[in-house]
Amino acid sequence: MEYITIKDEIINEIEIEKSRFICYLKRINSKEEAEEYIQKIKKINYKATHNCSCYSLFNPSYQKCSDDGEPQGTAGLPMLDAIKKSNINNIVAVVTRYFGGIKLGAGGLIRAYSNSISQALENSNLLKVKEYSHYEIEFDYNIINIIEKYFNQNNIKVLDKEYELKVKYLFYSDNPNIKDTLINLALGKIKFTNEYLAFIEEKIK
């Protein structure tokens, strides 16, 4: 299970026919976070003509959009479509419009709101968020070299190491056979003390 999201909040502005379109993007993990952010931006831009919004969540899958007074289907949905085409999830977007006096028409509005999102995403740092199995193991000091060699050869990331009566490692892997492999490699002299699933973030750009 994995998805792509943005790392940091992004604010990007474009001007089309004297109208200002300010795009706000933020990573979120729930509907509540999304709605709270939308209300925050609306309060900041309370004098704006429109504050159109949308958000998309990965698990459980959920999307919502609002035209906020623009003609139906010309703002929120094009914004959401731009996000979906980029394969981005767990993100909320608000595009604030300050009307410049020139009407854009339905087609012009769709392009304006879609481009606001696309340009902001181009300036975003992206993360891949992937669910991995995490393991806690303990073993005797005399097999440290064997374990370390295998981990290095297979690019396995160790998150924590403890050196007490026995050596304890916390690591993650997407190899479904990792437990059997390590037990066989250590000739049974290794103990798995805990196992759980958790998400790990990896920078894309």
* **Pairing of E35 and K64 as salt bridge, 4.0 angstrom limit** => yes
* Structure fact -> Using a 4.5 Å side-chain heavy-atom cut-off and chaining through intermediate ILVMFWY residues, the residues clustered with L80 come out as none
* To do: Following the transitive rule for hydrophobic clusters with a side-chain heavy-atom cut-off under 4.5 Å over Ile, Leu, Val, Met, Phe, Trp and Tyr, establish whether I144 and I178 coincide in one cluster.
  => yes
* Asked: Would you say Y46 has more than 12 foreign heavy atoms packed within less than 6.0 Å of its OH?
  -> no
* Asked: What distance separates M79 CE from S66 OG, expressed to the nearest 0.5 Å?
  -> 8.5 Å
* With clusters built from Ile, Leu, Val, Met, Phe, Trp and Tyr whose side-chain heavy atoms come within less than 4.5 Å, directly or transitively, what are the remaining members of the cluster of L187, listed by chain and number? -> none
* How far apart are the closest heavy atoms of E70 and C52, and which atoms are they? -> CG-SG, 3.8 Å
* **Working for side chain to side chain contact (heavy atoms under 4.5 Å, CB included), residues L25 and I117** => CA-CA 8 Å; L25 300 179; I117 297 292; 4.1 Å; yes
* F171: partners by ring-ring contact (aromatic ring centres under 6.0 Å, His included), with sequence neighbours left out -> Y135, F151
* Asked: Are R111 and I16 close enough, and set up right, to give a side chain to side chain contact (heavy atoms under 4.5 Å, CB included), and what steps lead you there?
  -> CA-CA 10 Å; R111 288 189 295 273; I16 301 173; over 6 Å; no
* To do: Mind checking the CD1-CD spacing from I200 to E131? Nearest 0.5 Å is all I need.
  => 10.5 Å
* To do: Search all heavy atoms of A82 against all heavy atoms of L121 and return the closest pair with its distance.
  => O-CD1, 4.3 Å
* Under the ring-ring contact (aromatic ring centres under 6.0 Å, His included) rule, collect the residues that match up with Y196, sequence neighbours excluded. => H134
* I38: which other cluster members, linking ILVMFWY side chains closer than 4.5 Å, directly or transitively? -> I11, I22, Y24, I28, Y37, I41, I44, Y55, L57, Y62, V92, V94, Y98
* Asked: Residues in side-chain contact (heavy atoms from CB on, under 4.5 Å) with N177, at least two apart?
  -> N175, T181
* Does atom CG of L165 have more than 12 heavy-atom neighbours from other groups under 6.0 Å away? -> no
* Report yes or no: does N12 contribute a side-chain atom to a donor-acceptor pair with the main-chain N or O of C23 at less than 3.5 Å? => no
* Cationic N near anionic O, under 4.0 Å, K157 to E202 -> no
* Which pair of non-hydrogen atoms, one from H50 and one from D68, has the smallest distance, and what is that distance? -> ND1-O, 2.8 Å
* To do: Measure the shortest side-chain to side-chain distance between D174 and E2 over non-hydrogen atoms and say whether it is less than 4.5 angstrom.
  => no
* Hey, does the side chain of T5 reach the backbone of N89 with a donor-acceptor pair shorter than 3.5 angstrom? -> yes
* Output, in order, the C-alpha distance, side-chain angles, deciding distance and verdict of salt bridge (charged side-chain N to carboxylate O under 4.0 Å, His left out) for R20 and E13. => CA-CA 7 Å; R20 295 170 58 208; E13 181 175 340; 2.7 Å; yes
* Structure fact -> dist Y150:OH -> I156:CD1 (nearest 0.5 Å) comes out at 5.0 Å
* Structure fact -> Between the CG atom in N115 and the CD atom in E122, the distance rounded to the nearest 0.5 Å is 9.0 Å
* Asked: Is a donor on one side and an acceptor on the other found under 3.5 Å between the side chain of D67 and the backbone of G76?
  -> yes
* Without swapping roles, check the side chain of S116 against the backbone of V95 for a donor-acceptor pair under 3.5 Å. => no
* Asked: Judged by atom type as modelled, is there a donor-acceptor pair below 3.5 Å linking the side chain of T193 to the main-chain atoms of E136?
  -> yes
* Which heavy atom of E138 sits nearest a heavy atom of K166, and at what distance? -> OE2-CD, 3.9 Å
* CD of E36: more than 12 outside heavy atoms within 6.0 angstrom? -> no
* Using modelled atom types only, decide if a donor and an acceptor are shared between the side chain of N90 and the backbone of F58 within a distance under 3.5 Å. => yes
* Check: S19 side chain, G100 main-chain N or O, donor-acceptor pair, under 3.5 Å -> yes
* I190: which of D140, I137, N184, L185 passes side chain to side chain contact (heavy atoms under 4.5 Å, CB included) -> I137
* Asked: How long is the span from the OG atom in S124 to the CD1 atom in I204, to the nearest 0.5 Å?
  -> 11.5 Å
* Without hydrogens or angle criteria, can the side chains of T96 and N51 be said to hold a donor-acceptor pair below 3.5 Å? -> yes
* Work out which heavy atom in K189 is nearest to a heavy atom in F139; give both atom names and the distance. => O-CB, 3.5 Å
* State the CE-CG distance between M1 and L197, to the nearest 0.5 angstrom. => 8.5 Å
* Should F192 and L182 be marked as a side chain to side chain contact (heavy atoms under 4.5 Å, CB included) after you check the CA-CA gap, both sets of side-chain angles, and the distance that decides it? -> CA-CA 10 Å; F192 284 78; L182 285 176; 4.0 Å; yes
* Residue E164 excluded, over 12 heavy atoms near CD under 6.0 Å -> yes
* Asked: How close do Y169 and V167 get, heavy atom to heavy atom, and via which atoms?
  -> CE1-CG1, 3.5 Å
